[in-house]
J.: 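Got a structure for you, questions after.
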Amino acid sequence: MVTIKDIAKIAGVSHTTVSRALNNNPLIKLDTRLRIQKIAKELNYVPNISAKSLVNQKKYMIGLFLSSIDQGTSSSFLADTITGIHSALDPNYSLSVEGIDELTTLEHINFQRYDGILIMSQSESDNQFIQHLKGQKVPFAVLNRHISDEELLNIVADDLNGVTYGIEYAIKSGHSSIAYIGGKENFESANIRRDAVIDCLNKHQLPVRQEFFYSGDYSLESGFQKMKELLQVKELPTFVFCANDDMAIGAMRAIDDAGLKVPEDLSIIGFDNTPLAAYLNPPLTTIDKPLKEISKMGTELLLQQIEGNISKTKRFEISTSLVIRESVRQLH
C-alpha cells in the first residue's frame, strides 16, 4: 500500500509537504502541488481517511435522520433521498441512516461522531429531536418540511402549489366530483396537500364531500384499502387525487379489481413522480416533487456549513410541477 512517505521520497520533499499538497493547501506552490498530485495518481495512492481525520479534526461521517424508516417512508422516497445526497457528497464521507422514531433516548446519542446531520423531516413529532440538536455543536439542515425557526437551514418543496396544479388540471378537464386519499395525518405533507385540495375546491365553488376524503399512510396497501372503501360510496366521484404515487398505484389496483377502468370510470393523479409512474397502465399523471434536488441542495449547503461557510439565506423552496400522462379523462 502506497503511503505519503513513499510519495515524499520520490518527490524529494517532506511528508508534511505531500500531505498539504494533496489537500490543496495554498501554502504549497502550485507547480509543487501539481507535481506531487501527479506522482500520487501514478502510484494509485488512496488516502487513509482515519489518518486524514486526525489531521483536520473531521470524522467524515454525515448522519441522515428520517422521521420514520418503516412508517410513511416509501422505498422510492428513501432511494431518491439517498441518491440526491450521494450526488453531492464528497466521496471521502460515509452516510449513516437512522429513524428518529426508533431513538429511545436523545441524551445517549453521540452526535459528535458526525461532521453534519441532514434531517429528512415529515412530522411535527421531529421537533423535539430538532430542538435537542440545536444544543449540540454539529451543523445540520432540515429537509422536506417547513419549520418556523428562521435560524435553521431549511430546504423544502412547494407542495401546496403542486397539489393546486393537479386539482386545477382536473377541473379544467371537466371534473367537479373530486375525492382525496391522503397520507398520515401527523405528517405535515399530508395536511398541506389535504388543505390545498379543499382550498382549490372552495375557490371553484365545488363541493367538499367528507365521504370522499380518506387518510392513508402513504403505502401501496393503504391506497388499495382506501380506494376499496371509496368504491362503496353510493355516488362515485369522477376524479381522485392521491397524496403520493404509491397510494395511487394501490388505488389503481383496487379500481381494476372492481372491474372498473382508469381513466374511463375514474381519473387519478398521484404525487412524487416516482420512476414507476410512467410505466403503469395507463401511465400515471402526477406531481413531480424534486426530492433528489432537495437532498442534493441540502447536502451541498451542509458541506459548506461544515467548512465554516454559513449561508445568509436559510429557507429554500424548490418548485414542483405537473407531469401529464394518461390517467385523467377529458370530460369536455
J.: Please say whether more than 12 non-hydrogen atoms of neighbouring residues, nucleotides or ligands are located less than 6.0 Å from NZ in Lys314.
T.: yes
J.: Does a side-chain heavy-atom distance below 4.5 Å link Phe129 with Leu106?
T.: yes
J.: Hydrophobic cluster membership, with links at side-chain heavy-atom distances under 4.5 Å among I/L/V/M/F/W/Y: are Val138 and Tyr93 in one?
T.: no
J.: How close do Ser121 and Asn144 get, counting heavy atoms only, and between which atoms?
T.: O-ND2, 3.0 Å
J.: Would you say the side chains of Asp101 and Ser68 form a donor-acceptor pair under 3.5 Å?
T.: yes
J.: Run the side chain to side chain contact (heavy atoms under 4.5 Å, CB included) check on Ile198 and Phe213 step by step: do they pass?
T.: CA-CA 10 Å; Ile198 293 170; Phe213 279 71; 3.8 Å; yes
J.: What pairs meet the salt bridge (charged side-chain N to carboxylate O under 4.0 Å, His left out) rule with one or both residues in residues 261-287, with sequence neighbours excluded?
T.: none
J.: Below 4.0 angstrom, N of the basic side chain to O of the carboxylate: do Glu293 and Lys296 qualify?
T.: no
J.: Between Leu291 and Phe271, is there a shared hydrophobic cluster once you connect ILVMFWY residues whose side-chain heavy atoms come closer than 4.5 Å?
T.: no
J.: Please determine whether residues Leu236 and Phe224 belong to a single hydrophobic cluster, defined as Ile, Leu, Val, Met, Phe, Trp and Tyr linked transitively by side-chain heavy-atom distances below 4.5 Å.
T.: no
J.: Of all heavy-atom pairs between Arg194 and Tyr180, which one has the smallest distance, and what is that distance?
T.: N-OH, 3.4 Å
J.: For His175 and Arg329, work out which heavy atoms get closest and say how close.
T.: NE2-O, 2.8 Å
J.: Should Leu220 and Arg253 count as side-chain neighbours, where that means a heavy-atom distance under 4.5 Å?
T.: no
J.: Atom CG in Leu301, atom CZ in Phe316: separation rounded to 0.5 Å?
T.: 5.0 Å
J.: If we count only N and O atoms by modelled type, under 3.5 Å, do the side chains of Ser319 and Asp158 hold a donor and an acceptor together?
T.: no
J.: Take Asp217 and Ser222 through the test side-chain hydrogen bond (donor to acceptor under 3.5 Å, both in side chains) and record every step on the way to the result.
T.: CA-CA 6 Å; Asp217 63 10; Ser222 73; 3.0 Å; yes
J.: Do Ile62 and Ile85 touch side chain to side chain, with heavy atoms closer than 4.5 Å?
T.: no
J.: Donor-acceptor pair, Thr286 side chain versus Gly270 backbone, under 3.5 Å?
T.: yes
J.: Taking the side chain as every heavy atom from C-beta outward, state whether Val240 and Leu266 have any atom pair closer than 4.5 Å.
T.: yes
J.: Report yes if some heavy atom in the side chain of Ile269 is under 4.5 Å from a heavy atom in the side chain of Phe239; otherwise report no.
T.: yes
J.: Give the minimum heavy-atom separation between Thr320 and Tyr165, together with the two atoms involved.
T.: O-CE1, 3.4 Å
J.: Applying the 4.5 Å side-chain criterion to the ILVMFWY set and letting contacts propagate, would Leu143 and Leu153 be lumped into a single cluster?
T.: yes
J.: For residues Met252 and Leu231: do they belong to one hydrophobic cluster (side chain heavy atoms under 4.5 Å, members Ile, Leu, Val, Met, Phe, Trp, Tyr)?
T.: yes
J.: Which heavy-atom pair separates Gly182 from Ala243 by the least distance, and what is that distance?
T.: CA-CB, 3.8 Å
J.: I'd like to check Met247 versus Met227 (side-chain heavy atoms, cut-off strictly below 4.5 Å). Are they in contact?
T.: no
J.: For Arg145, run the side-chain contact (heavy atoms from CB on, under 4.5 Å) check against Val156, Asp126, Ile119 and tell me which one passes.
T.: Asp126
J.: Scan side-chain atoms only and decide if Tyr169 and Thr285 contain a donor-acceptor pair under the 3.5 Å cut-off.
T.: no
J.: Would you say Lys203 and Glu168 make side-chain contact, with heavy atoms under 4.5 Å?
T.: yes
J.: Short question: side chain of Gln37, backbone of Ala21 - any donor-acceptor pair under 3.5 Å?
T.: yes
J.: State, with a plain yes or no, whether a side-chain heavy atom of Ile310 is found less than 4.5 Å away from one of Gln305.
T.: yes
J.: Just by modelled atom types, is the Arg315 backbone N or O under 3.5 Å from a matching donor or acceptor in the Asn154 side chain?
T.: no
J.: Please list, chain by chain and in numerical order, all residues satisfying side-chain contact (heavy atoms from CB on, under 4.5 Å) with Leu152, sequence neighbours excluded.
T.: Ile130, Lys134, Phe140, Ile147, Asp149
J.: Under the side chain to side chain contact (heavy atoms under 4.5 Å, CB included) criterion, do Val13 and Arg35 qualify, and how do the steps go?
T.: CA-CA 11 Å; Val13 297; Arg35 184 167 62 87; 4.2 Å; yes
J.: Between Lys289 and Asp80, is a side chain to side chain contact (heavy atoms under 4.5 Å, CB included) present by the stated rule, with each step listed?
T.: CA-CA 10 Å; Lys289 177 173 181 171; Asp80 282 352; over 6 Å; no
J.: Do you know the tightest heavy-atom contact between Gln112 and Gln136?
T.: NE2-OE1, 4.2 Å
J.: Each residue besides Leu160 in its hydrophobic cluster should be listed here, by chain and number; the cluster joins Ile, Leu, Val, Met, Phe, Trp and Tyr at side-chain heavy-atom distances under 4.5 Å.
T.: Ile192
J.: Check the side chains of Thr3 and Asp6 for a donor-acceptor pair under 3.5 angstrom, ignoring hydrogens and angles.
T.: yes
